[in-house]
Asks: 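After the C-alpha cells below, expect a handful of questions from me.
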Amino acid sequence: MKENALTTKQRIDFLQWMLPIALALLSILYQLILARWVHDNYSETAHFIVEILFYALVGPVIVFFAFYQIQQWLLAKEQAEQVARTSQQRLAAITEASADAIIGLTPEGRIESWNRGVELVLGYTGESITNLLFSSLLGNKENSDVEWNWIAETVKKSGFIRGYETSCQREDGKLVSVEVTATHMRDEQGASTGFSIILRDIDERKKREAEIRELNSHLNDLVEKRTRELDEKVEELANANERLKKLDQTRSEFVSLVSHQIRAPLTNIKGAVEKMEADLEVIPTVHVPLLGIVDQQVERLDRLVRDVLNTNQIETGKLVLQKEPVSIMPIIEQSIEQILTRKQDRKIVFAAKTGFPLVYADSDRVLEILANLFDNAAKYSPPESETQVGVRATQSEVFVSIRDSGKGIPERDIPRIFEKFYRSDSSDSQIAYGYGLGLYICRQLVEAMGGKIWAENHPTGGAVFTFSLPIWQENYEQS
Ligand code: ADP
C-alpha cells in the first residue's frame, strides 16, 4: 500500500461531505440554468416532466453509485486485512517454531511478547518473563544498563544491530552466550513502538570454537616441537655429513697414498725380475715357472693398484682427461701389442683399416679401456682362442668392438656387469681372478669422454663389448 494513499475512512469522510455539497450545487445549477431554460422555451408540462426526471433519477442514481463505491472500498479493505492476517499468522507460526528467542520490547525496554524459543535459550516458562526489563537478562550485571542503553541507542540510530555477541542469564542463573539481532520498531507516523530482539544460543558454537582454538594451539605446539626436532636432526645430519666428507677425504687420500706407495715397489720388483731373467744365462728349470708366477702376480697387483687409483679419482671427481683429436687405429694396435707381450698365448684378429675420422679422446684412457676389455676376453675364454677386434663409424661416432670366443655373459648379468664390484656368479667368473672394478672403470672413462659402452652375446657364441667415442669436430676444443 502506498504511504500517501487515503484510508477507507478518509475516503468515506470525503464522500460524506462531498456528496451533499455536490447534490446541492447540482440542484442550484439545475434551478438556475436548466429549469429556467426549459421554463422559458417549453410548455409547463415539459418543465414539469424535466423536473420530475431530475429529482426522481439524478439523486437516487448518485446515491446508488456512492454506496456502490463505498461497498467496493470496504470489500478491498476486508481482502487486504485477510491477506495481512494470513501472513501474520504464518509469521507467528514461524516465529513460534524458531529455536531462537524472539522477544518484543516496549519502548522502555520491557518484555511484552516472546516466542517458545525463550524457553529453549533462556529457560523461562509461562508468564514469568513478562514485563521484565530486557537489561535484567544481560549477563554482565555490573554493566547491564550501559550495555542496554548502547543497544537501544545504536538500534534507534541505524535501525538494527546484527551479529552482536554477548551473554544472557538464564532463569536458572546460568550464563548463556548469545548472538543478538535487534530491530527498532516504529508506527506509521514514525513514533517508536519498541524493539524486537532475537537471541541465538551460540554456546555450542563457542565451545567448538574454543575446542578448535585449543586444538590449533596444540597442533602449533606439536609442529613447533617437531620443527625443532627436525632442525636438530638436520643439524646432526649436516655435522655427520661433514664428518663423513672429512672421513671420505681422508680415506681417498689414504687410498691414493698407499696405491702410489705400492706401485713404486711393484715397478722395482718387475724390473728386478726382468733383469734377473735377462742376466742369468741358465735359469734352473724349477725356477722358470716360479719367475713366471712372480711376473704374473706383480702384473695383477699393478692392475689392481691402477684400478683402485682410477676408481678413487672417478669418485672424488679428480679424473683429469687429456682430450685431443686422435686416430683410433694406432691406439688399438698399441693395445694389442701390449696384451700380446703379456699374454703370448692370445690370438687377436684385427684387420687394420684406414679412413676413420679422428676421435676426440684421451688416448691413455682409451688404452686403459682396451687393456681391460682384452684382459677380460683372455680371462673368460679358453687359452689359444681367438679375440676379434672390429671398428666402424657413423657420422658422429666411432665404434670399437671386442669379441671373444668364451661362453658369453649370463643374460641376467648383462644389465649389471658395469656396476662397481659386480661379478657374475658363473663358474668362469668364480675361477678367474678379479674384483669387479674393470668394467665399472671402463664405463666411467667412456662416458667421461662422451661415449657409450655396452655388452651383448654374439649369436654364434662369445661375448661382445662395444664402446663408442665421439668424432672430433672443429668446435670441441673450445667446449
Ligand atoms: P672382474 O673381471 O675383475 O670380475 P670386471 O668388471 O672386468 O671384473 O667384470 C665384471 C664381470 O663381468 C665379470 O666378473 C664377469 O662375470 C663378466 N665379464 C666381463 N668380461 C667378460 C667376458 N669377456 N666374458 C664373459 N663374462 C665377462
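Order of appearance sets the numbers: ligands from 1, and atoms from 1 within every ligand. Computed from a predicted structure; not experimentally measured.
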Asks: Can you tell me if A455 has a non-hydrogen atom under 4.0 Å from ligand 1?
Replies: no

Asks: For I409, take its heavy atoms, then give the atoms of ligand 1 lying under 4.0 Å from any of them.
Replies: 25 (C), 26 (N)

Asks: About how many Å separate CD1 of I409 and CD1 of I414, when rounded to the nearest 0.5 Å?
Replies: 5.0 Å

Asks: Which atoms of ligand 1 sit under 4.0 Å from any heavy atom of Y422?
Replies: 10 (C), 11 (C)

Asks: In terms of side-chain geometry, is the basic nitrogen of D362 or K323 positioned less than 4.0 Å from the acidic oxygen of its partner?
Replies: no

Asks: Does F418 reach ligand 1, in the sense of a heavy atom lying below 4.0 Å from it?
Replies: no

Asks: Against heavy atoms of G434, which atoms of ligand 1 measure under 4.0 Å?
Replies: 3 (O)

Asks: Just jot down the side-chain hydrogen bond (donor to acceptor under 3.5 Å, both in side chains) partners of S401, sequence neighbours excluded, or say none.
Replies: none

Asks: I'd like to know if G436 contacts ligand 1, where contact means a heavy-atom distance under 4.0 Å to any ligand atom.
Replies: yes

Asks: Of all heavy-atom pairs between A361 and M449, which one has the smallest distance, and what is that distance?
Replies: CB-SD, 3.7 Å

Asks: Tell me whether D307 is salt-bridged to R303, with the criterion being a basic N under 4.0 Å from an acidic carboxylate O.
Replies: yes

Asks: Quick one: which of D413, L304, D404 has a heavy atom closest to atom 23 (N) of ligand 1?
Replies: D404

Asks: Which atoms of ligand 1 have any heavy atom of G408 under 4.0 Å away?
Replies: 25 (C)

Asks: Does an N or O anywhere in R423 fall below 3.5 Å from an N or O of ligand 1?
Replies: yes

Asks: Are any of the N or O atoms of L439 closer than 3.5 Å to those of ligand 1?
Replies: yes

Asks: Just grab all the ring-ring contact (aromatic ring centres under 6.0 Å, His included) pairs involving residues 115-135, residues at least two apart or on different chains.
Replies: F134-W148

Asks: If the contact criterion is a heavy-atom separation under 4.0 Å, does K407 count as touching ligand 1?
Replies: no

Asks: Any idea which atoms of ligand 1 are less than 4.0 Å away from a heavy-atom of K379?
Replies: 1 (P), 2 (O), 3 (O)

Asks: Is it true that K379 and D375 make a salt bridge, defined as a side-chain N closer than 4.0 Å to a carboxylate O?
Replies: no

Asks: Counting only heavy atoms, tell me which of L437, D375, I417, D307 gets closest to atom 12 (O) of ligand 1.
Replies: I417

Asks: Given K318, which of V320, T316, I314 fulfils the side chain to side chain contact (heavy atoms under 4.5 Å, CB included) condition?
Replies: T316

Asks: In terms of relative ring orientation, are Y164 and W150 parallel, tilted or perpendicular, with 30° and 60° separating the classes?
Replies: tilted

Asks: Taking the minimum heavy-atom distance to atom 2 (O) of ligand 1, which of Y435, F374, Y380 ranks first?
Replies: Y380

Asks: Would you name the heavy atoms of L319 and A448 that are closest together and state the gap between them?
Replies: CD2-CB, 4.0 Å

Asks: Applying a 4.0 Å heavy-atom criterion (strictly less than), which segment of S424 is in contact with ligand 1: side chain, backbone, both, or neither?
Replies: both

